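Contents: one structure, followed by commentary.
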Number of protein chains: 4
Amino acid sequence: MAAANDGDAPAYGDDRWTHVFEEQIKEIFGHEATGFAVLNGAGANMVGLAAMLGRYDAIICPDTAHIATHEAGAAERLLGVKLLTAPTASGKLSPNDVTDQLHAIGDVMVSQPRVVSISQVTELGTCYTANEVARLVEVAHAGGLLVHMDGARLANAAAFLGCSLREFTTDAGVDVLSFGGTKNGALAAEAVIALRPSVVPQLPFLRRQSLQLASKMRFVSAQLSALLTDDLWLANAAHANGMARRLCAGVADLPGVSIEYPVESNAVFAALPPQAIPTLQEKFSFHVWDESSGVVRWMTAFDTSPHHVDDFITHIHKTLSPETH
Amino acid sequence: MAAANDGDAPAYGDDRWTHVFEEQIKEIFGHEATGFAVLNGAGANMVGLAAMLGRYDAIICPDTAHIATHEAGAAERLLGVKLLTAPTASGKLSPNDVTDQLHAIGDVMVSQPRVVSISQVTELGTCYTANEVARLVEVAHAGGLLVHMDGARLANAAAFLGCSLREFTTDAGVDVLSFGGTKNGALAAEAVIALRPSVVPQLPFLRRQSLQLASKMRFVSAQLSALLTDDLWLANAAHANGMARRLCAGVADLPGVSIEYPVESNAVFAALPPQAIPTLQEKFSFHVWDESSGVVRWMTAFDTSPHHVDDFITHIHKTLSPETH
Amino acid sequence: MAAANDGDAPAYGDDRWTHVFEEQIKEIFGHEATGFAVLNGAGANMVGLAAMLGRYDAIICPDTAHIATHEAGAAERLLGVKLLTAPTASGKLSPNDVTDQLHAIGDVMVSQPRVVSISQVTELGTCYTANEVARLVEVAHAGGLLVHMDGARLANAAAFLGCSLREFTTDAGVDVLSFGGTKNGALAAEAVIALRPSVVPQLPFLRRQSLQLASKMRFVSAQLSALLTDDLWLANAAHANGMARRLCAGVADLPGVSIEYPVESNAVFAALPPQAIPTLQEKFSFHVWDESSGVVRWMTAFDTSPHHVDDFITHIHKTLSPETH
Amino acid sequence: MAAANDGDAPAYGDDRWTHVFEEQIKEIFGHEATGFAVLNGAGANMVGLAAMLGRYDAIICPDTAHIATHEAGAAERLLGVKLLTAPTASGKLSPNDVTDQLHAIGDVMVSQPRVVSISQVTELGTCYTANEVARLVEVAHAGGLLVHMDGARLANAAAFLGCSLREFTTDAGVDVLSFGGTKNGALAAEAVIALRPSVVPQLPFLRRQSLQLASKMRFVSAQLSALLTDDLWLANAAHANGMARRLCAGVADLPGVSIEYPVESNAVFAALPPQAIPTLQEKFSFHVWDESSGVVRWMTAFDTSPHHVDDFITHIHKTLSPETH
């Protein structure tokens, strides 16, 4: 970013940092792929979805989807569309969840399913395999629907699956992708990537209208570009995933702790004895996922140290088995 | 209506038929109640709700609510709000369904619950008692929420409950009401009734903007006024309810038929052997509510004759027990 | 309408009155034309325009357009689009008004012109010739834009121009038309007509979502159908136009009266001495178009009698030249 | 920003950089003033206006307003409101422009004026005096309207007027302010400032929903805070203004050059011989404001050097008077 601050540059993305970023996107996701830097994750989702949806349309997504639960009703207000949410076992939509909604097509009394939106990694920390994505895309496309992927933590999925970003996105047939930088080390940099640009011709217009075009776009592009250089994105994500596995391994066998979902990224969901939660939160900050069942979510990051994880593990041990310490 | 067509009259509702209608509303619902004639049921709901909701707000309603399932995503597109839907046993929201959502208040990441919307009668043909409505209102108001009632079939509820329209609306504390005429004998006439006008000052503006103000409003008002005169609304609804009970009584004991919900209005929900449904539909037109479970919905109306009901009962008997006829 | 009230009929437009209406539309506007009955004029405009416009688009229209001035901001709120309004000499848009806006196409900082919307007759009572419409369509289509016609008083234009409805609509290349019934004798019946249905595939869905689908659609269709039978629409409109010309002829030479626009329909715009206006309004009801310039608008209708017009003329004479009476 | 990157910090604005920024806002604008950091200028405007406007409302603003011309229809799509634009002599709205619209209040057929939005400095580079702002506010408040100020270049106005930021904002009665950092040296940092927070209680919710809340808010706050420390904002703006005056002085007397508006900020609007424009643009990048009249806009910035300005002046001289060089 300091480099991008040196000297003048054209505004609104016609600068060399942005051009480099755009080239990197093509190298990673294929020559058709077109990247648009934006300002935050909800913005990436809203810009991509706006370009895929008409006024009358609906989105099929898991009931845990970030767009359904944590974007403040932006899908409803900014897009004006209905979310058809499906309950899932571990955050992953199944082909049946899509086909179950296709009966509505053609009925003027109900919103028309138009987009399937999945998160990779999911909000419960699990990952779709490339085959699972491909199968969902197949069912969606066969029904005349498009596929959107919320990849706020896409890098963590690649690190877990051990495959390229392209295998479970472009090659699996995904149409539009949100690609997250902020959760993987950037200050504030996300991207919408049109993997099939012909289905979303209005995307550049909608980025501006949706308040996601920065005048000094080069600072956003420079962050994304740095992440994409020398596989920094992968190293960051692999580290974060490793820290989550370390944390999981350190507490999984503790009496009273139950790991709720497979740890396939940088998140650990654990059920704890409810009375232990406030004690733990005195020293460590984390999110209580479900108050009633005592499930908490622990996130690791590109800059989480093993030492910090081990401290946390020790603290959990002490809190849950105070007599033995 | 023929009377209203005789001679000139001011446009957009400043006519004597509309004034009579407005007076009738005050007599029935109390002196504060202000009636606004509109053109259809979805319109009544959208105008009333628009006046109750800010940009950031959400509606708590049953997952069977007409606004959630059969108004083509109008709530999402025209209002831009999220629907927080709750599963229910028989179409009726419980106080807990409301309190379960109150944790969101004050959290900027999620839509803010602002309105509880219930249907009287419900989409499953059941009715809230006046006490049940009052209890929901109490919980809603205590949480800072308003209460909307979709009364597309309000008359049928009054006929079933044996109480005045006012007892389970104004007196129970409901803020805004949709009052249906079309399903009770009118050609095309519905109303939004502000029972507490001070909470919805923008309602008249939103009626116009939402495309629900007719220039020749006197034809709409005249229909509503006719329904409200000499308790025609009640006679019509009581008749329709009676026909539903007659139908229910005639088939409830048939092997293979299971009545799904209490018959408290002009709707009978019955589970049938799936193969019988197409045969029945050859001669009678009705809606299959749930394909997979074989549940159908039979509606009666102000002009359904006992003879017609009996014919239908006979036809069902023949279809389900062909050998005995 | 009484005929349509006799017996049962399928809901939401699948009835024989609607089928007759649909056939009549094809006879009048060509075999591709598809008619959709709706509930009011603003509704017809909003449904048609919604089907023509994306999220990022703008409408080019005269600054006097009904959609810009008298539909309560529905275009902005319900469609979310910008109106690019042009001043005009007599309510008619010129080809230059369209080409002046084309520079914006492709610029992500500004709304994208997508529809040209004109009113026939205009809000100032004037008419486009078939050639003028065709020329506007040519310019619009060449620039990649669609053309919408607000025909709330289309019949009056046909009566004035002495040509078929088709000559200045379908044959001139208009894409979508609002066709008004209410101002020409119906109680509450308007239609959106897709003259080129392939450009507006979502129209039926948007009618429902925009609150313009009546459950008892047959009553709306029956009104439209009656108007379209035996050229009743034309007789009604020709009569109204004649009454406007009679009124104009009776006052045009009066000192102090200035006729502002050519009287080409059922409207007379006249500038009067400001002090005369309240006196005239004591006995006759009309709209003051522009307070500051003393311009008033007098509308005639299908049921205005020559006697009534003459009374009004006499009253104007007396008011403006009191000493001579 | 490097400082804010050192160590962990709570997300979404609950960090010490944000707290410092919030304190600075109170020191500058008064103890009631509440600052909300956002991501770009259009975002600041949309968040502030969303909090001020209902569904039925309209904004009165100059026809040159950034919200009307360069925010891609965001006001119409994201807010759903109408812009009532007034032509102006030099970008400044007059009290009459406000009172001219008040007749609409109470008329259900038209959008209801609710907010007066002015830009300080204006899009034509001019400034309102504190008295002029106060007079507009007085008229607006008397009519029941609120006042919004788009201060993308507020610092430049303070530098020109020689008064504190508070004198022409809080003290003049403005309700909500957009305060620009990006055009005054920040990378990407703007703020919405509620000067009267009681009139916009939903502002924090609307920031999130409008995609303007950064998870790593501390980087935005740190930029704003740096600008507000030791009057850096004023030094930057005063420098930019000085460079504009230097440029103006250097070309004003050139034959063929006409300065269009008073140079009261960091913008110079000049009419040039049309054929000179492309020649100038070969070496220097600037915006052609009006193609037909040959008016161009030259902007200076916090980092424009006197040397660079002088080079440009010399180049203009050479281009316009080639024979004398």
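Because the structure is a prediction, the values reported are computed rather than measured. For the numbers below, each heavy atom of this structure counts, side chains included, while hydrogens, waters and symmetry mates do not. Letters A, B, ... are given to chains in the order of the sequence lines, protein chains preceding strands, and every chain is numbered from 1.
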Under 4.5 Å to a heavy atom of chain D? For C:Val110 that would be both

d(D:His70 NE2, C:Ser111 OG) to nearest 0.5 Å is 11.5 Å

Bottom line for C:Thr69: the part with an atom under 4.5 Å from chain D's heavy atoms is backbone

message: Using a 3.5 Å distance criterion without hydrogens, assess whether the side chain of C:Lys82 forms a donor-acceptor pair with backbone atoms of D:Ala68.
response: yes

Ranked by heavy-atom pairs below 4.5 Å to chain C, first place among D:Arg77, D:Gln112, D:Glu291 goes to D:Arg77

Under a 4.5 Å heavy-atom criterion, the part of residues 52-60 of chain C in contact with chain D comprises C:Arg55, C:Tyr56

